[in-house]
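Contents: one structure, followed by commentary.
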Amino acid sequence: MKQSAMKAKAASSSTKTSTTSKASRAHPYVYNFGRQTDGNASMRELLGGKGANLAEMAAIGLPVPPGFTISTEVCTYFYAHDRSYPRALAGDVKTAIGLVEAQMKKTFGGKDNPLLVSVRSGARDSMPGMMDTILNLGLNDVTVEGLANISGNPRFAWDCYRRFIQMYGDVVMGVQAADEESHDPFHELLDALKKSLGKSQDSDLNAADLQALVAQYKELIRKRTGKAFPQDVYEQLWGAIGAVFGSWKNERAILYRQQYGIPAEWGTAVNVQAMVFGNAGDDSATGVAFTRDPANGEKSFYGEYLVNAQGEDVVAGVRTPKPIAAMEKELPESFAALEKVRTKLEKHFKDMQDFEFTIEKGRLFMLQTRNGKRTGLAAIRIAVEMVKEKLMDQRTALLKIPAESVDSLLVPIFDSKSQKEAQMIGKGLPAGPGAATGRIAFTAAAAEIESRKGNKVVLCRTETSPDDLKGMLYSQGILTTRGGVSSHAALVARQLGKVCVCGAGEVTINYEKRTLSAGGVVLQEGDYISINGTTGAIYKGLIESADSEVKRVLEGAMKPEKSYTYELFQTVMEWSDKYRRLRIRTNADTPAMAETAVAYGAEGIGLCRTEHMFFEGDRIDYMRQMILAVDQVQRQEALKKLLPFQRKDFVGLFKAMAGRPVTIRLLDPPLHEFLPQDDAVRRQLADKLGLPLEFVIERIKALHEENPMLGCRGCRLGILYPEITEMQVRAVFEAAASVMTAKNPVAVNPEIMIPLVGFKQELADQLAIVHRVAKEVMNKHGIEIDYIVGTMVEVPRAAITAEEIAVQAQFFSFGTNDLTQTTLGLSRDDMGLFYDEYQRKEIYNKNPFASLDQTGVGKLMQFAVENGRRSRPDLKLGICGEHAGDPDSIEFCHRLGLHYVSCSPPRVPIARLAAAQAALREKK
Ligand code: ADP
Ligand code: MG
Ligand code: MG
């Protein structure tokens, strides 16, 4: 009732033009929260995550300062109309401000009791720190006096004013540090003032000091921009709204979106909310908390707060905050209220929450909540434990774990012996678990350069800001000297799965001298440093790393009951196996790789690249001899020497796979990979083969290809030299026979795969050899070997003629690495020149070689599946490109109805979970 009455009022108070535009728009532009709440948690698309959850919290009775959200559709409009707004918006905003004024009993721009607001961004998925926030908006030279009077605290009023000018100057008027190494100009003025007054803390400054600072700030803005700091509160408000919408397309937001695959079309919402003040005295505070530990997932209250401060002080890492546990003593009543909120949030949102709060004169206010970002380890632990606590069921829990995060249970940790021997030089807060060793880089740029040289890097900064994101991506680990476990560095590290130690107070970084000193040791940029993100310890030099607990258990080096991490891993894997439909195979060329993969849960080999078996030791020379051979006699001589090696390798693989299917791809190397380019090596080869050097050089010249990727490779090689195919097939079947007839016989399930087929005639040519040799070997040994023959679909023509090809092929395996190269007309090794630009312009949302191009390559796959099945309904279907380890691509393969995905051994656990998630999402 109340709500609709309010809306009617809003409409009638709008200008005439708004009536027409209102009729044409699907949704309101503005949604209130507070005493009247128009939105809820399910409306993230329209309200952004922050706005939707503010509405939800207000609706379930949590203390949220009133405000309103301008929808993401306005953002879309803004960019579609040359950065302007729908005409009705101004009126709608004014109405909504009126509603907040009424609830707060304050007036926006009022000189007696002024209403101040925050203006905050909020995208559908949270993008912490990527976009801009402005606090204390509504202050000017007049209202600041009003605030001083009514609060009886001039110091507080002037502190709010100087903070507001600082943020507004930075975010809206662009008064910022000149570069990465210089300081923020506002901070510089603040520091200079403190110095001249002989005061060390911000809190030592009194009202008069701050008033002087405000004058300096305004002067700075005038000097840098040629414009005065705006006094009109609505001008301030629209400036801030524009800046927040504008920040959707700032550089760091774009980079962040690329990293997380967030589409540029989504846009951000803008939240305008009445200010509450954590800086109103010693009974006031602000903080950030997690309902559970986001680093390791433990069910303990986790977070930090600062007394007499405003929210961004905690996040920015300017002052190192106190752990939340200290609040129990310092502000016991507020702490009790906070504990209640903690429980209520988890019960309601049914997930670990990361929330922001402010205490104004002992009264608790909620400013934000969201599902907390967590490390992979924490994601798994929280999901498993919440199922035990009956907060969620197995299916929900599985969907809550980012499939990639399983990796964090498998990554190496420091070798305990080396860690003991290393010199510990300091300690910080453990904020991103794991072990990192690398060269010190003090700037994002230095980290990038070092990493491009192929070196490991630890980014060391006093604190990080969103501009450091790129440097963080290039680093193994991140070390900061200031800021707590909810600082920017910690937050981003957790999300990126980077090792992080933060707030290491006793470490000093000197950017000018490019040194890091701690524990009496001085390290230079480029020196090695090691950090343990699980304990917070910092070490001088390089430390060897060791296998994770899960890996040790899987390899039998540790008892399963000794490792809780393993128990968590195992639980998630068992649940996954229960729900997934896709089978998981692995790409493995050696028995050792195969064994690892089986321990991780692989159900077969989807790709054994036989050419990898030719690189080792003497084999490469026989291989070269074979390639250089001028006639069949010479070639067969070389092949005869290779046969026993191949046979032995296959025996090992078959034994390791114990009856599971093994897909063996016949030789597919670009020839040049085998031929020496180096003169000395050529001479050696000539000597070894007893050939004249000139002959070797001539042959290599004759075999030269302009574009080997599209040259004589794959089945073309086997067609040209049938004796190669024959040798390989013989090796496979002889190995199978020997394993099957051994004293302890092992079942064998070979699948022969012909590479790079585009014509059915190519397949027919090679198939004839396979079947003939198989029969010969089987007859000789008097046994039957169950085998199938199929092809790799990796050129578009194979997909296009799938119906013809499937007449002979018993299976298709999508070789999406080559299929992507050939479909996009793009060599993976030559995309360096333009790739960055393509990313920047958001032409590729994701690297097409890492995540399947579903609309292009995927369409071909779909066509091949449908048409292949037409001529062979029981056609076996799989994928063996690197995409098979990518969760999004796995989901796509599930939808296509493939039978299996085949990824590298360490990605098998990720694939198991991703396959389960694909099945669960489909049911939803
Ligand atoms: P981010 O998305 O980067 O976390 P926020 O929009 O949440 O940015 O704002 C940054 C900080 O400002 C938060 O820590 C929050 O506590 C504080 N803040 C935002 N709005 C208000 C408000 N209305 N009153 C008091 N503090 C606020
Ligand atoms: Mg926030
Ligand atoms: Mg290929």
Side-chain angles (χ1 to χ4, degrees), residues 33-34 47-54 57-58 63-69 97 100 103-104 106 108 115-139 156 159-160 163-164 166-167 170-171 237 240-241 243-244 247-248 250 252-253 256 268-280 284-290 303-306 308-319 321 353-361 363-373 464-466 469 483-484 486-488 490-492 495:
F33 55 84
L47 304 183
K50 198 179 285 168
N53 279 358
L54 281 169
M57 284 197 295
V64 176
F68 57 91
T69 305
I97 285 276
V100 178
Q103 289 172 80
M104 297 298 288
K106 296 179 181 181
F108 190 49
L115 170 71
L116 307 193
V117 297
S118 65
V119 179
R120 324 164 64 183
S121 63
R124 202 188 296 188
D125 272 5
S126 96
M127 299 170 56
M130 287 302 126
M131 291 178 300
D132 298 321
T133 296
I134 291 157
L135 303 182
N136 307 322
L137 190 140
L139 280 174
F156 153 74
D159 186 46
C160 289
R163 285 169 186 272
F164 172 45
Q166 191 167 338
M167 287 180 133
D170 170 0
V171 170
L237 181 61
I241 292 171
V244 171
S247 67
W248 178 251
N250 72 28
R252 60 186 200 233
Y256 188 95
T268 181
V270 176
N271 299 291
V272 179
Q273 186 178 27
M275 283 299 300
V276 287
F277 301 100
N279 56 337
S284 302
T286 184
V288 180
F290 294 81
E304 46 201 12
Y305 71 103
L306 276 171
N308 200 6
Q310 274 197 329
E312 85 282 7
D313 294 351
V314 177
V315 185
V318 177
R319 273 161 69 189
Q353 295 295 296
D354 159 5
F355 62 97
E356 294 174 6
F357 63 91
T358 280
I359 296 160
E360 179 179 329
K361 298 189 175 300
R363 250 183 96 189
L364 174 67
F365 291 95
M366 295 297 291
L367 294 172
Q368 185 174 340
T369 192
R370 61 187 170 208
N371 292 344
K373 302 270 189 230
T464 64
S465 77
L469 181 66
S486 54
S487 65
H488 175 264
L491 205 78
V492 177
Q495 205 168 354

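Note: hydrogens, waters and symmetry copies are ignored here, and every other heavy atom, side chains too, is used. All values derive from a computational prediction rather than experimental measurement. Numbering of ligands and ligand atoms starts at 1, following listing order.
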Beyond-backbone contact of Gln353 with Asn371, side-chain heavy atoms, under 4.5 angstrom
yes
For residues Phe365 and Thr286, determine if any side-chain heavy atom of one lies less than 4.5 Å from a side-chain heavy atom of the other.
no
Under 3.5 Å donor-acceptor, Glu360 side chain and Ala280 backbone
no
Decide whether the shortest distance between a heavy atom of Gln310 and an atom of ligand 1 is less than 4.0 Å.
no
Kindly identify the option in Asn271, Leu135, Thr286 whose heavy atom sits closest to atom 18 (N) of ligand 1.
Leu135
Nearest to atom 24 (N) of ligand 1 by heavy atom, Val276, Val288, Asn136, Asn279: which?
Val276
Non-neighbouring partners of Arg124 that pass side chain to side chain contact (heavy atoms under 4.5 Å, CB included), sequence neighbours left out
Arg44, Glu45, Trp266
Atoms of ligand 1 close to Glu356 [distance to a heavy atom under 4.0 angstrom, numbered from 1]
4 (O), 7 (O), 13 (C), 14 (O), 15 (C), 16 (O)
Residue set satisfying ring-ring contact (aromatic ring centres under 6.0 Å, His included) with Phe156, at least two apart, ordered chain then number -> Phe277
Provide the number and element of each atom of ligand 1 under 4.0 Å from a heavy atom of Lys50.
1 (P), 2 (O), 5 (P), 6 (O), 7 (O), 8 (O)
Using atom types as modelled and distance alone, determine if a side-chain donor or acceptor of Ser284 lies under 3.5 Å from a backbone N or O of Lys361.
yes
Please name the pair of heavy atoms, one in Thr369 and one in Phe355, separated by the smallest distance, quoted to 0.1 Å.
OG1-CB, 3.7 Å
Tell me, please, if Gln368 has any N/O/S atom, main chain or side chain, under 2.8 Å from the Mg ion (ligand 2)?
yes
By number and element, which atoms of ligand 1 are closer than 4.0 Å to a non-hydrogen atom of Ala274?
22 (C), 23 (N)
Relative to the heavy atoms of Gln368, which atoms of ligand 1 are at a distance of less than 4.0 Å?
4 (O), 7 (O)
Tell me which N, O or S atom of Glu356 sits nearest to the Mg ion (ligand 2).
OE2
